[in-house]
**Q** 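Take a look at this one; I'll ask things after.
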Amino acid sequence: MLKISADKLNSLFDAISAKQTLYITVDNEKGSAEYKKYESGMTLSKSLNTVRSAKDFFFPQTENLADFKVEGKNIEVIDVREESEDFVVFGVRACDARSFTILDKVFLSEPVDSYYKNRREHSTIITMACTKPAETCFCTAFGMDPTVPEGDVAVFSDGENYFFLERTEKGKKFIASISDMLEDGDTAKLNEVQEKARNIMKKLPLANLSTKSFGGERLMKHFNSEKWAELSESCLGCGTCTFVCPTCQCYDIRDFNTGHGIKRFRCWDSCMYSDFTKMAHGNSRNSQLERFRQRFMHKLVYFPANNNGEFGCVGCGRCLSKCPVSMNIVKVMKALEDKE
Amino acid sequence: MQVNENFEPVIVAFCCNWCSYAGADLSGTNRLNYPANVKIIRVPCSCRVNPMFILRAFQKGADGVIICGCHPGDCHYTSGNYFTRRRITLLYSMLDFLGIERNRTRLEWVSAAEGAKFADVMNQFTEDVRKLGKNRRLEDLRCRKQ
Amino acid sequence: MQEAMIKRAKELLADGTVNRVIGWKKGEFFYDATPAVFRTAEELDRQFIFDDFTQANVSKYLVKESRKDGKILAFLKPCDTYSFNQLVKEHRIIRENVYVVGVPGGPKLDIEKIKAKGITGVLSVKNENYTLKIETLYGTEEMPFYEAISGKCESCKSKKHVAYDELIGEDGEVLESNRFDMVEKLENMTAEERFNFWQNELSKCIRCNACRNVCPACTCENCVFDNPKSGVDNKAPADSFEEKMFHIIRAFHVAGRCTDCGECSRVCPQNIPLHLLNRKFIKDINSLYGEYQAGADTTTKAPLNDYNTDDCEPSIVHERGVE
Amino acid sequence: MQRIGVFVCHCGTNIAATVDVKAVAEALSHEQGVVISQDYQYMCSESGQDLIKNAVKEHKLTGVVVCSCSPRMHENTFRKAAASAGLNPYLVEIANIREQCSWIHKDIASATDKAIILGKAAVAKVNLNTPLTAGESPVVKRALVIGGGIAGIQTALDIAEAGFDVDIVEKEPTIGGKMAQIDKTFPTLDCAACILTPKMVEAAQNEHITIHSFSEVSAVKGFVGNFTVTIKKKARFVDETKCTGCGLCTEKCPMKKVPNEFNMGLDNRTAVYIPFAQAVPKVATIDPNYCLMLKNGKCGVCSKVCSVGAIDYKQTDKFIEQKYGAIVVATGFNPIKLDKYDEFAYSYCPDVVTSLELERLMNAAGPNGGTLLRPSDKTHPHTIVFVQCVGSRCDDSKGKQYCSKICCMYTAKHAMLIREKYPDTEVYVFYIDVRTPGKNFDEFYRRAVEQYNVHYIKGMVGKVSPKADGKIDVQASDLLSNEQLHINADMVVLATAIEPDKSARPLATMLTTQMDTNDFFTEAHPKLRPVESATAGIFLSGACQGPKDIPETVAQASAAAAKAIGLLCKNSITCNPCVAHSNELMCNGCSACEKVCPYGAITYQDKEFRMPDRTTAIRRVASVNPAVCQGCGACTVACPSGAMDLNGFSNSQIMAEVDAICK
């Protein structure tokens, strides 16, 4: 497999960023990881994952859709879409990489979301295989192998070298574009590292989490479960889980009056919010129980019902560590799963 | 700091109906000049001024915000300006804490008889804000004029 | 302590003093307890937990719980009792419907602080003579107890319970804390440094509303930021203004009411030190209008609903610190 | 859909000379909702107003903006014009382009730009205006006067004279107050009782006046025009309707050692008593602290001797509730307690007395029948020292910071009366300043010095020490000659500071009126509304508002009466519609608004609501009484949820103005 030694990684980044915009994961001053536009001298984060997911690249928190210019009583509509440039994201984990497939199902099916599509097409996703999963990880429950992540290119580290594996056509082209910096490498040590990681996977506290109790066909059983009252009791109705979630894709469209025109923008919304899908007649889900149920039913029942059994969760574990009251999808799954 | 001579700050002045708005009228009656940058919004009492109004002004492009009310003890509603004083002191202190320039905000007590003071205050405040230049630290980029 | 609490809760359930108990429920791991209402002795035995990681302040839940049928037993740590009192004072909690049992406070530990040390795959933590022995998927790690103390406990203001019907364990004292040190440090920076500090911090905000929704002072029926009729409603951080507006106004709305419980910063997924905004107001109020601790009692007039005829002028801002 | 008319006034050349009015009208015609935009020479003229009226009708306007002079000049004019054309007057907004634009700017371009922006702000605001209707609230044609001293009596008499019913609530068994205790009045030296008691009788006999003596106000609800007051009639154990005031019971009562408060405790009265001969109502009262029957159940003499059977040992406090349109506070004053002034030996030397005690000592109805004798040995005093400013103008916490105002004059009066009656008595007055502003006041003081040879010494008394021989050593400094003095005195009289009656503070809370830090009631405006409190319908009479002498008190009492009559004359009062209102769905019930309301206009109630999650809940919500709210808006900022908003100056209206100005 083609590889680059760890000490040359930054020169690789320099080379990539000379051609197109490169985003890598870096540690911020508080020790948590985030995606940042690469600038010379930045070092790749050693953290397992970023606090915010990689969905931001394709589905940013706020996005201007159109401007309306108001002059007197005339209104002019201005298309504000910018031509996206090609960009590379380096260091995406398996879970986030899988989230793109889920988001694609939403945004790229008819009617296609052209804003999203535009960014997807211009992106090259370089994933990073996991070697040290956290106790909150449960991607395996959704059929992922984090030691061989998806993406355009998968990168593996054996501690001394980074190995590059093409996974798509786009990935192949990308590797070709940097091949002068890569060399063939011995994967013996890598195999060891991967084997070790796979063994850890089996020992993870959530390794036995099962999705077999969920899916479209279980709709009424789960919808009518009495457990929701207890499960949702502590929910604060904030949007933390939604906003750190790599697969949550709901948004609101709003107009902002700048004083000299209107900006129509969309922004992330959360089904946990009391004003979510508020319409002229009021709210469709009026209690926190209903809102809470909606979020998890969507991920575990409605989404698979509409997408050939694919769940709307990738097991990244972000909501497990970020929920202010430690309520999360794992607790919901365990409470609702078949007990026999 | 470099002063841009051509920069014309947008200044919002909230004036209480009973003292400061009348003071502003008096400075007009006495033909006392102050810059046209100052635009007055009439409120019943300085205690009607919600911190949200002040932030809103900065968001939409104001470079300075000044609140004027009756002198303490003279409030038409007996105690309104005492509440104003506490609220606005704390708010201005918070804006300062966030690094917003101190001279962009002010509170002055101007009575109905103090037309000259009103003009002086507005002249001084406009100059102070002009020196600071455009509000950048508390602006909404979407509202920036092209 | 946990056993004593369960025992007492079962007694109070049994003798009919209360029909529910609010406390903390065991999580998936050792550190992720969830605030929960327990209705039976069996539930308490099976799920009730009180340990180094049960940080959450349950007083806010009592806004709703105290309006339900029957009395509820609430286990409150010293800091939680301040929030509780403040909510009673504002008529948000119906005092008669709550039986408060004061329980000892922290220092609580924060799993995030352990993880921030690069320790991952954490399976259990043991405190041995103020050294934490941490079992992980990758072997055993150690770190000093004090480095894992939760941010809100690091500058604890009081170990005294200001409201309770009974106590388990001893009551403590109001403490001399160093909680204003960071505020002071910022005050001593130049305006530009302060601006850069906050610009950097607040730009991380994702407007998830965790700070607001966990805050025991933020119990509005309808928050101005959610109310389209308020004219200031917004949902998203945008171009560096909305998040400033949100956090300034939120801090202002809780000024004189915030008890400094520290929940806002604890829950922020982006680790923004939001409590510093509230502490700035508390520090200002203390120095300008006299020492005031929100929630210390249920009668004192809140500083922003009060005044003295000889209060200082806002120009005092110009006279202090660095521009 | 809004249909707004904009009218730009030239004001002759006042506006038009510096503002391009045509450009303003043109620019505003493009604003949201504007259907007509015109300029005119004089908008306030009749034809200018017609322009508005016609446009309202012709264009079916939903809002009007007049760009003209200050709204303080002609807002009402234009509101009336709009109203006469059928448009709600509160749909009119004024852009002040004269006082705040054309008159202060010289440059036409910038003045015009500013005028356009001010006009845009007014249009933005009027887009959000809502029709407002001034509410009306009926006026109960009855007044309550709290306190039956000279202030209360005068106010009650004046209100009754105008034909309105008025009740006096007096906490003592008789009306008359402090003036009844005074011997002579300055500067005329006429007898206080001779001028006061006819007024007391007049009050008692007036068919419009009801006197509730030995009573207190225990609760006040309601608002201007419609107060509901609970009056506690304290048990006096004598049936007022039966007692004839014959006084036989007081003669026969065996308990004769009760300190007589009317004579400042300088002599004794019986347990059943009538405070003084001319008391109104002249009804006996039994003091339960001393009555043997009430204390031990053994005696009953008064009951036996009472020929009309008025004695009722079983009487209890009674509460009556009455509605009033106006309330006048006349709670008066008291001398301060002197327990902190040990240097004057007041607490242990009986010959050191306060000025009010001296009044009783000199009064013909007093303990000595009008002969001035030392309280200790009943001998004639030959040297009397008066000490001024005892507790007044103090910087320390012992006394009051203010000047008690009346002491200089009554001391001159005392000195003069003593010198007149007892020429062999030497009188010394130690003073900081002598303050005698007032008609014939300075002449009066000069007479004391020049004709009566009263020794006025500028300086303070340091120490008063009773000596073994019964004399009193007064140690003082003479600031003018800069020497220390020792005066061998027989009596010392302390001109004690006065303070508001202790009942005033709880009363102010009940009335939601403001007080200053000294517990004097605060007037609505120190110059222009001196007899009104800031709370509508509550008026101030006499020393409860600040230290006053009798003529001033009476003048203010009549002024307060006039204000009360002005209110009672109306059948209903029109309320300012620009008042706060609470959106109950958003109200948290936290009471923040209530705490900042200067008028007590906000009350809370528990109401049942259907919640968004389809449950019902009882919530505590605020409601604003529009008749009491004055529209300051303090509550709107105290309210974190924005439930509280202000008509005419709503959050969205003000923000629309901000937006228009900043864009």
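Numbered from 1 within each chain, the chains take letters A, B, ... in sequence-line order. Predicted model, so just to flag it, every value in this text is computed and none were measured.
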**Q** Heavy atoms only, distances under 4.5 angstrom: which of Asp25(B), Asn50(B), Asn33(B) has the most pairs with chain D? Name it, please.
**A**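 Highest number of heavy-atom pairs under 4.5 Å: Asp25(B).
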**Q** What's the shortest heavy-atom distance between Met644(D) and Ala580(D), and which atoms?
**A**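 The pair with the smallest heavy-atom distance is SD-CB, 4.2 Å.
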**Q** Would you please test Cys19(B) and Val110(B) for side-chain contact (heavy atoms from CB on, under 4.5 Å) and show each step?
**A** CA-CA 6 Å; Cys19(B) 286; Val110(B) 182; over 6 Å; no
**Q** Just checking Glu127(B): does its CD atom have more than 12 heavy atoms from other residues, nucleotides or ligands closer to it than 6.0 angstrom?
**A**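 Enclosed: over 12 neighbouring heavy atoms sit under 6.0 Å from CD of Glu127(B).
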**Q** Among His76(B), Gln59(B), Lys60(B), single out the residue with the greatest number of heavy-atom pairs under 4.5 Å to chain D.
**A**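 The candidate making the most pairs under 4.5 Å is Lys60(B).
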**Q** Please examine the side chains of Cys597(D) and Cys635(D), heavy atoms only from C-beta on, and report whether any two atoms are closer than 4.5 Å.
**A**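 When only atoms from C-beta onward are counted, Cys597(D) and Cys635(D) do not touch, as no gap falls below 4.5 Å.
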**Q** Considering all heavy atoms of both residues, which atom of Tyr42(D) and which atom of Cys11(D) are nearest to each other, and what is their separation?
**A**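 For Tyr42(D) and Cys11(D), the tightest heavy-atom pair comes out as CE2-C, 3.6 Å.
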**Q** Go through the atoms of Ala22(B) and report whether side chain, backbone, both or neither lie under 4.5 Å from a heavy atom of chain D.
**A**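 It is both, since atoms from each part get that close.
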**Q** Taking all heavy atoms of Cys44(D) and all of Thr77(D), pick out the closest pair and write down the distance.
**A**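 Scanning both residues completely, I find the closest heavy atoms to be O-CG2, 4.5 Å.
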**Q** So which of Lys106(D), Arg72(D), Met73(D) has the biggest tally of heavy-atom pairs under 4.5 Å with chain B?
**A**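 Ranked by heavy-atom pairs under 4.5 Å with chain B, first place is Arg72(D).
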**Q** Counting only non-hydrogen atoms closer than 4.5 Å, can you tell me which residues of residues 63-70 of chain D sit against chain B?
**A**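 If one takes a 4.5 Å heavy-atom cut-off, the residues of residues 63-70 of chain D near chain B are Ser70(D).
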**Q** Are Ile67(B) and Arg106(B) side-chain neighbours, meaning at least one heavy-atom pair lies under 4.5 Å?
**A**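 No. Closest side-chain heavy atoms not under 4.5 Å.
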**Q** Restricting to non-hydrogen atoms, name the atom on Glu594(D) and the atom on Ser591(D) that form the minimum distance, rounded to 0.1 Å.
**A**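 So the minimum-distance heavy-atom pair works out to OE1-OG, 2.9 Å.
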**Q** Less than 4.5 Å to any heavy atom of chain D: does that hold for the side chain of Phe14(B), its backbone, both, or neither?
**A**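 Just its side chain gets close to chain D.
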**Q** Side chains of Ile54(B) and Val12(B), heavy atoms from C-beta outward: is any pair under 4.5 Å?
**A**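 No, side chains not in contact.
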**Q** Does any donor atom in the side chain of Asp128(B) or Gln124(B) lie under 3.5 Å from an acceptor atom in the other side chain?
**A**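 Asp128(B) vs Gln124(B): donor-acceptor pair found between side chains.
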**Q** Look up atom CD in Glu532(D) and atom CZ in Phe539(D), then write down how far apart they are to the nearest 0.5 Å.
**A**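 Answer rounded to 0.5 Å: 6.0 Å.
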**Q** If contact means a heavy atom pair closer than 4.5 Å, which residues of residues 92-101 of chain D contact chain B?
**A**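 When heavy atoms of chain B are the reference, residues 92-101 of chain D contributes Asn96(D), Glu99(D), Gln100(D) within the under-4.5 Å range.
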**Q** Which bit of Tyr34(B) is near chain D, if near means a heavy-atom gap under 4.5 Å: side chain, backbone, both or neither?
**A**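 Interface part for Tyr34(B): both.
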**Q** Would you please indicate if the ring centroids of Phe520(D) and Tyr402(D) are separated by under 6.0 Å?
**A**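 When the ring centroids of Phe520(D) and Tyr402(D) are compared, they turn out to be within the sub-6.0 Å range.
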**Q** Using a 4.5 angstrom heavy-atom cutoff, name the option from Asn651(D), Ile661(D), Leu646(D) with the most pairs to chain B.
**A**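 Of Asn651(D), Ile661(D), Leu646(D), Asn651(D) has the most heavy-atom pairs under 4.5 Å with chain B.
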**Q** For the pair Arg56(B) (side chain) and Val658(D) (backbone), establish whether a donor and an acceptor sit closer than 3.5 Å, ignoring hydrogens and angles.
**A**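 Here the side-chain-to-backbone pair does not exist.
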**Q** Could you check which of Ile654(D), Asn14(D), Asp113(D), Ile117(D) has the highest count of heavy-atom pairs closer than 4.5 Å to chain B?
**A**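 Looking at each option in turn, the highest pair count goes to Ile654(D).
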**Q** Evaluate whether atom NZ of Lys117(B) has more than 12 neighbouring non-hydrogen atoms of other residues, nucleotides or ligands under 6.0 angstrom away.
**A**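 Counting other residues, nucleotides and ligands, NZ of Lys117(B) exceeds 12 neighbours.
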**Q** Regarding Asp645(D) and His581(D), do their side chains bring together a donor and an acceptor under 3.5 Å, going by distance alone?
**A**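 No, His581(D) and Asp645(D) have no side-chain donor paired with an acceptor closer than 3.5 Å.
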**Q** Looking only at non-hydrogen atoms, find the nearest pair between Cys70(B) and Asn81(B) and report the distance.
**A**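 Cys70(B) and Asn81(B) have their closest heavy atoms at O-ND2, 2.7 Å.
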**Q** If you measure from the Lys or Arg side-chain nitrogens to the Asp or Glu carboxylate oxygens, is any gap between Arg529(D) and Glu523(D) under 4.0 Å?
**A**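 A salt bridge is absent here (no side-chain N lies under 4.0 Å from a carboxylate O).
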**Q** At a 4.5 Å cut-off on heavy atoms, which part of Val49(B) comes close to chain D: side chain, backbone, both, or neither?
**A**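 Backbone only.
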**Q** Non-hydrogen atoms of chain D under 4.5 Å away: do they reach the side chain of Val43(B), the backbone, both or neither?
**A**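 When you check distances to chain D, atoms from both the backbone and side chain of Val43(B) fall under 4.5 Å.
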**Q** Chain D heavy atoms under 4.5 Å from Ser27(B): which part of the residue, side chain, backbone, both or neither?
**A**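 Its backbone and side chain both get close to chain D.
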**Q** With a 4.5 angstrom heavy-atom cut-off, could you sort out which part of Arg87(B) is near chain D: side chain, backbone, both or neither?
**A**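 The answer is the side chain of Arg87(B).
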**Q** For chain B, which of Glu657(D), Lys663(D), Lys114(D), Lys125(D) has the most heavy-atom pairs under 4.5 Å?
**A**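 When all of Glu657(D), Lys663(D), Lys114(D), Lys125(D) are compared, Lys114(D) has the most.
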**Q** Give the member of Ile11(B), Val10(B), Thr29(B) that has the highest number of heavy-atom pairs under 4.5 Å with chain D.
**A**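 Most heavy-atom pairs under 4.5 Å with chain D: Thr29(B).
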**Q** At a heavy-atom separation under 4.5 Å, does Asn37(B) approach chain D through its side chain, its backbone, both, or neither?
**A**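 Nothing of Asn37(B), per the 4.5 Å heavy-atom cut-off to chain D.
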